[in-house]
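Taking it in order: structure first as structure tokens, then the write-up.
Just follow the structure's listing: the first ligand is 1, and inside any ligand the first atom is 1.
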Amino acid sequence: MGAQQVADRFTELYGTQPEGVWAAPGRVNLIGEHTDYNDGFVMPFALPHRTVAAVSRRDDGILRLHSADVAGGVVELRLDGLAPQSDRTWAAYPAGVAWALREAGHAVTGADVHLSSTVPTGAGLSSSAALEVVIALALNDLYDLGLQRWRLARLCQRAENVYVGAPTGIMDQTASSCCEQGQALFLDTRDLSQRQIPFDLAAEGLRLLVVDTQVKHAHSGGEYGKRRAGCEKGAALLGVDALRDIPYAELDAALARLGDEEEIVRLVRHVVTEDHRVERVVDLLHRGETRAIGPVLTEGHTSLRDDFRISCPELDLVVDTALAAGALGARMTGGGFGGSAIVLTESAEVDTLTKATEKAFAAAGFTTPRVFEAVPSPGAHRAL
Ligand code: ADP
Ligand code: MG
């Protein structure tokens with residue numbers, strides 16, 4: 001779906017041409033899972049899948065929203081009537097961004113929006129952040145707000161946490177907003193300091209596959225909250241602001257101090273080892289040892305499955321099948337309980353792995369997964 005098509009559809013809907021067209025991508029997280037609400041490290045990169053929005057300003061306090069991906073017509077909202085958690089529909093995401101900008105004192109006086117996306121929703125690839133960030137960037141440009149990318153990400157997170165009412169960390173919005181083509185983003189979620197890490201797999205004869213299991217387990221929201229609360233309890237018991245403050249070298253001593261808090265021990269162990277895995281991956285990529293990140297990814301999966309306990313049979317099957325068929329490494333990615341897994345493989349093995357996965361899913365009676373290649377793509381930008 002091209003920017004011009006989205007602009008043309010805007011013109012059909014609203015009777016004028018849009019002032020501009022913007023795009024923001026979905027993301028996949030290479031390593032660093034459930035670390036972002038523990039002030040830790042993450043390492044996402046942007047997908048070629050993106051949300052494209054044609055937008056014009058209005059000066060009458062009205063927000064009109066239309067998505068090509070949702071049945072129903074144009075949604076019309078009054079900006080001064082926006083209230084957190086008052087809207088359970090998709091429109092809460094873009095409305096929440098306008099709300100967050102206005103709350104922060106920015107003079108946004110209305111907009112007409114038409115958007116269309118190739119980011120699958122609910123697949124753990126962050127269609128929600130792509131939607132928020134594309135709106136934030138469009139309003140930032142149109143209203144000349146001069147906000148930096150990390151700041152837009154923060155406002156989008158606030159839109160999702162407070163306005164939509166979905167607790168999420170800062171990774172997704174920062175990835176969509178700040179990623180660059182051919183790079184993975186090494187992000188410290190405590191202070192949002194970031195480093196672009198060259199990540200050109202094709203040049204090394206490698207591929208990263210995303211396997212979308214198309215499974216979404218209903219309890220994922222509540223389980224996320226429980227893990228988050230458990231991590232906060234662990235930090236409190238250990239007397240630190242966040243689990244990020246437990247150095248890897250002191251993990252065993254910290255776990256010993258937690259005594260028989262078995263559940264908390266597991267959560268803390270995952271978060272602290274996962275932060276360490278991000279640092280190991282950064283280090284390996286710097287040294288050009290890309291193939292060696294495979295086992296680190298797989299260790300991450302084991303930790304998410306056994307310690308954090310957020311995997312599911314479909315995700316485990318992707319990982320087990322891929323490894324048995326010769327993948328360099330594999331792990332679930334995203335929030336868990338469904339969604340997608342990633343598989344690092346030699347380019348020549350892509351077909352073998354894809355077929356093995358499809359066969360294993362058929363044998364288990366699971367829905368055929370969607371498999372595609374993830375190429376590190378540009379972050380949010382103006383497209384027209
Ligand atoms: P994820 O971010 O993993 O895809 P979420 O549950 O966080 O899953 O966000 C998905 C929700 O975001 C959808 O249910 C919908 O409300 C909204 N959304 C995402 N993309 C679009 C789109 N193109 N059009 C309308 N709503 C969208
Ligand atoms: Mg989301």
Distance col, row C178:SG vs L152:CG, nearest 0.5 angstrom, shows 8.5 Å

Do S377 and R50 pair up side chain to side chain, a donor and an acceptor below 3.5 Å, judged on atom types alone?
no

Quick check on T51 - does any of its heavy atoms sit under 4.0 Å from an atom of ligand 1?
no

Under a 4.0 Å N-O cut-off, is there an ion pair linking R370 with D212?
yes

Just checking, is any N or O donor in the side chain of Q214 or T367 under 3.5 Å from an acceptor N or O on the other one?
no

What's the verdict on salt bridge (Lys or Arg N to Asp or Glu O under 4.0 Å) for R207 and E349, showing C-alpha distance, side-chain angles and the deciding distance?
CA-CA 9 Å; R207 295 283 187 276; E349 301 293 329; over 6 Å; no

Per-atom contacts, ligand 1 versus L115 - under 4.0 Å to a heavy atom:
22 (C), 23 (N), 24 (N)

Examine the side chains of T109 and Y143 and answer whether a donor and an acceptor come within less than 3.5 Å of each other.
yes

Polar-atom distance check: S127 versus ligand 1, any N or O pair below 3.5 Å?
yes

Atom 9 (O) of ligand 1: nearest protein contact (heavy atom, Å)
S128 CB, 3.3 Å

Atom indices of ligand 1, in the order listed, that fall short of 4.0 Å to a heavy atom of S117:
23 (N)

Between H34 and F308, is the ring centre distance below 6.0 Å?
yes

Taking both backbone and side-chain atoms into account, decide whether S126 has an N/O/S atom under 2.8 Å from the Mg ion (ligand 2).
no

Carboxylate-amine/guanidinium proximity below 4.0 Å for R190 and D245:
yes

Shortest protein contact, atom 23 (N) of ligand 1 (heavy atom only):
D69 OD2, 2.7 Å

Using a 4.0 Å heavy-atom threshold (strictly under), name the region of S67 that reaches ligand 1: side chain, backbone, both or neither.
side chain

When you compare ligand 1 with G122, is there at least one nitrogen or oxygen pair between them that comes in under 3.5 angstrom?
yes

Answer yes or no for atom 7 (O) of ligand 1: protein heavy atom present at a distance under 4.0 Å?
yes

Among protein heavy atoms, which sits nearest to atom 15 (C) of ligand 1, and what does the distance come to when rounded to 0.1 Å?
W90 CB, 4.0 Å

Under a 4.0 angstrom heavy-atom cut-off, which atoms of ligand 1 come close to G124?
3 (O)

Under a plain distance cut-off of 3.5 Å, with no hydrogens placed, do D316 and S311 share a side-chain donor-acceptor pair?
yes

Please write down residue, atom name and distance for the protein heavy atom closest to atom 14 (O) of ligand 1.
T121 CB, 4.9 Å

Residue and atom name of the nearest protein heavy atom (relative to atom 18 (N) of ligand 1), distance in Å to one decimal
L131 CD2, 3.6 Å

Residue, atom name and distance, where the atom is the protein heavy atom closest to atom 11 (C) of ligand 1
Y93 OH, 3.8 Å

Salt-bridge criterion met for E263 and K233 (N-O under 4.0 Å)
no

